[in-house]
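Order of the sequence lines sets the chain letters (A, B, ...), proteins ahead of strands, with each chain counted from 1.
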Protein chains: 2
Amino acid sequence: MNVNRGKRIRRTPEEARSLILSTAARRLAEHGLDGLSISGVAKEAGISHATIIHHFGSTEAMRAALLQQMTGQLLSDVVEALHEDQLPDEILGRLFTTLSRDGHGRLLAWLALDRQQLEPGENQTAALFRNIIDTIAVDGVDRTDAKLQVLLVATAAMGLSICGDPLAALIGLDESETSRFPGWLAARLQTLKSE
Amino acid sequence: MNVNRGKRIRRTPEEARSLILSTAARRLAEHGLDGLSISGVAKEAGISHATIIHHFGSTEAMRAALLQQMTGQLLSDVVEALHEDQLPDEILGRLFTTLSRDGHGRLLAWLALDRQQLEPGENQTAALFRNIIDTIAVDGVDRTDAKLQVLLVATAAMGLSICGDPLAALIGLDESETSRFPGWLAARLQTLKSE
DNA sequence: GCCTCTATTGACATTCATGTTAATAACATT
DNA sequence: AATGTTATTAACATGAATGTCAATAGAGGC
């Protein structure tokens with residue numbers, strides 16, 4: 001927590017926005033949606049809340065900017081992960097791993113629970129999924145089946161990143177078993193395909 | 001929205017608590033966690049917010065009571081659904097269907113995202129899961145494998161009830177395809193077992 | 001050095017939610 | 001009818017968050 005005694009720090013608009021958004025991201029991870037008040041973010045960033053209003057216009061606009069940045073990051077993470085290996089066999093496993101890491105699933109859940117529905121304009125995302133499905137559906141897999149596999153991977157990844165730990169504890173999985181979950185799922189999906 | 005002009009309605013404590021909790025449940029479904037303020041619930045129930053304080057003691061206590069009631073409902077739903085058919089083949093499909101219906105998964109997600117971790121004392125739930133796993137693991141299935149299957153079903157059900165519709169749209173699944181998801185998953189899990 | 005631009009801030013007004021308190025009214029009991 | 005219990009409410013005090021406005025202070029250009 002920065003404490004500025006008297007002296008002001010003047011940042012470029014880019015620096016200021018970056019400082020604010022990174023602080024907000026940290027608070028989102030630690031305190032959930034309740035952490036995204038401009039007063040709270042401002043205090044933790046060591047600035048006044050009026051500065052946030054100046055740069056973003058409103059609390060809601062700051063949240064929108066943060067979520068846009070994070071979904072962009074998620075999308076590029078997925079794209080990069082999928083680019084590394086084009087093997088159809090591994091794509092779903094990769095997708096699962098990326099979605100369930102770094103709180104990506106948690107972010108999507110927040111998005112979905114906060115605003116009641118996700119906004120349109122996610123053409124890149126739709127294109128990405130279409131790409132994955134095309135790749136999977138190549139070798140004799142029914143196209144609907146491919147879509148359902150993707151849906152399974154996506155929903156499971158989201159559920160895992162929200163509730164994974166407590167659920168695993170309830171089920172009686174220890175840590176080493178739980179860590180095998182992504183690999184296990186990927187293997188099972190390949191099995192499905194080769195039938 | 002009830003409008004009481006002058007006349008008071010005096011309820012038994014049970015009636016009052018029931019009215020408050022059912023209104024709160026409706027608001028939770030419609031507005032998310034933000035709908036669970038005592039002022040909002042009171043206005044929608046047509047009573048004063050002080051009445052809620054009188055019956056529950058505090059906002060937090062009202063929320064706790066609501067969540068306890070809803071988790072109890074979820075648990076009994078699952079128990080009942082599983083009791084209807086003891087066939088190991090159908091248990092996972094049943095579990096999935098029950099978890100993803102009526103916003104049960106959504107409730108669990110709220111619980112997990114609001115409080116950072118689920119409270120302990122869920123011995124009944126743990127026992128329930130152990131039961132399911134025992135049933136599945138009977139016919140030659142590795143016990144860890146059975147646990148992972150349950151984890152998959154639980155996480156997918158949760159993810160589906162949070163984000164199912166927008167995800168299906170992104171993937172390009174139409175409604176009739178999406179509705180086949182539970183059956184598809186159940187069939188795939190049986191396939192896994194019979195190998 | 002002077003001037004301009006604007007990022008930053010403190011002070012203020014407003015709104016909303018929480019919780020307390022004392023008074024009131026509905027209902028049961030006698 | 002009188003009385004006691006308590007569910008209900010209005011009024012109040014408090015605190016937190018949002019957003020506005022005018023004043024201030026860095027930093028660069030002249």
Side-chain angles (χ1 to χ4, degrees), chain A residues 1-28 30-67 110 113-115, chain B residues 1-28 30-67 110 113-115:
Chain A
M1 185 105 55
N2 293 330
V3 175
N4 303 327
R5 290 201 62 77
K7 305 293 179 187
R8 289 187 186 178
I9 300 178
R10 189 189 176 99
R11 285 158 274 254
T12 66
E14 296 74 30
E15 285 170 344
R17 287 176 60 98
S18 165
L19 167 66
I20 293 167
L21 287 185
S22 63
T23 306
R26 192 177 340 125
R27 286 184 61 88
L28 177 63
E30 285 177 11
H31 307 277
L33 282 178
D34 292 345
L36 289 190
S37 64
I38 54 173
S39 3
V41 173
K43 190 188 286 183
E44 184 162 326
I47 61 180
S48 86
H49 80 278
T51 298
I52 299 185
I53 299 265
H54 175 256
H55 283 289
F56 291 95
S58 73
T59 302
E60 201 42 53
M62 181 200 73
R63 288 183 185 159
L66 173 67
L67 296 178
W110 271 317
L113 291 176
D114 188 28
R115 355 201 125 196
Chain B
M1 184 106 50
N2 293 330
V3 175
N4 303 327
R5 289 201 61 78
K7 305 293 179 188
R8 288 187 185 178
I9 301 177
R10 188 189 176 97
R11 286 160 272 255
T12 66
E14 294 74 31
E15 285 169 344
R17 288 177 59 98
S18 165
L19 167 67
I20 292 167
L21 287 185
S22 63
T23 307
R26 192 179 338 125
R27 287 184 60 87
L28 176 64
E30 285 176 12
H31 303 106
L33 284 178
D34 291 345
L36 290 189
S37 64
I38 54 173
S39 3
V41 173
K43 190 188 287 183
E44 184 163 325
I47 62 180
S48 86
H49 81 276
T51 299
I52 299 184
I53 299 266
H54 175 255
H55 283 289
F56 292 95
S58 73
T59 303
E60 200 44 50
M62 180 200 72
R63 288 184 185 159
L66 172 67
L67 296 179
W110 270 316
L113 291 177
D114 189 27
R115 354 204 125 194

Applying side chain to side chain donor-acceptor pair (under 3.5 Å), can you list everything that pairs with B:Arg10, at least two apart in sequence or on another chain? none
Between C:dA26 (C1') and B:Glu15 (CD): distance, integer Å: 13 Å
Kindly give the atom pairs (protein nitrogen or oxygen, nucleotide nitrogen or oxygen) under 3.5 Å for nucleotides 1-4 of chain C.
none

Who are the side-chain contact (heavy atoms from CB on, under 4.5 Å) partners of A:Ser48, not counting sequence neighbours? A:Ala50, A:Thr51
Interatomic distance where NE2 belongs to B:His54 and C1' belongs to C:dA22 [whole Å]: 13 Å
What residues form a side-chain contact (heavy atoms from CB on, under 4.5 Å) with A:Ala16, not counting sequence neighbours? A:Arg11, A:His55
Atom NZ of B:Lys43 to atom C1' of D:dT9: distance rounded to whole Å? 16 Å
Nearest-Å distance for atom pair CZ/P, residues B:Arg10 and D:dA7: 6 Å
B:Val41 and side-chain contact (heavy atoms from CB on, under 4.5 Å): which partner among B:Ile47, B:Leu21, B:Thr23? B:Thr23
Within this structure, what is the CZ-to-P distance between A:Arg17 and C:dT8, rounded to whole angstrom? 12 Å
Sequence neighbours left out, what pairs pass salt bridge (charged side-chain N to carboxylate O under 4.0 Å, His left out) with at least one residue falling in residues 12-23 of chain B? none
Within the sub-3.5 Å range, which N or O atoms of nucleotides 15-22 of chain D have a protein N or O partner, and how far apart are they?
residue	atom	partner	partner atom	Å
D:dT18	OP1	A:Ile38	N	3.4
D:dT18	OP1	A:Thr59	OG1	3.4
D:dT18	OP2	A:Ile38	N	3.2
D:dT18	OP2	A:Ser39	N	3.3
D:dT18	OP2	A:Ser39	OG	3.0
D:dT18	O5'	A:Thr59	OG1	3.4
D:dG19	OP2	A:Thr59	N	3.0
D:dG19	OP2	A:Thr59	OG1	3.0
D:dG19	N7	A:His49	NE2	2.9
D:dG19	O6	A:His49	NE2	3.1

Side-chain N or O of B:Arg11 versus OP1/OP2 of D:dT8: is the shortest distance under 4.0 Å? yes
In chain order, what residues pass the side chain to side chain donor-acceptor pair (under 3.5 Å) check against B:Arg27, with sequence neighbours excluded? B:Glu44
By side-chain contact (heavy atoms from CB on, under 4.5 Å) - contacts of A:Ser22 (at least two apart): none
Could you walk me through whether A:Arg63 and A:Leu66 pass the side-chain contact (heavy atoms from CB on, under 4.5 Å) test, one step at a time? CA-CA 5 Å; A:Arg63 288 183 185 159; A:Leu66 173 67; 5.6 Å; no
According to side-chain contact (heavy atoms from CB on, under 4.5 Å), who are the partners of A:Ser39, at least two apart in sequence or on a separate chain? A:Ser37
Rounded to whole Å, how long is the line connecting atom CZ of B:Arg8 with atom P of C:dA23? 13 Å
Verify the contact: side-chain N or O of A:Ser48 to OP1 or OP2 of C:dT9, cut-off strictly under 4.0 Å; return yes or no. yes
Round to the nearest Å and state the distance from B:Leu19 atom CG to D:dA7 atom C1'. 13 Å
Expressed as a whole number of angstroms, how long is the span from A:Glu14:CD to C:dA7:C1'? 12 Å
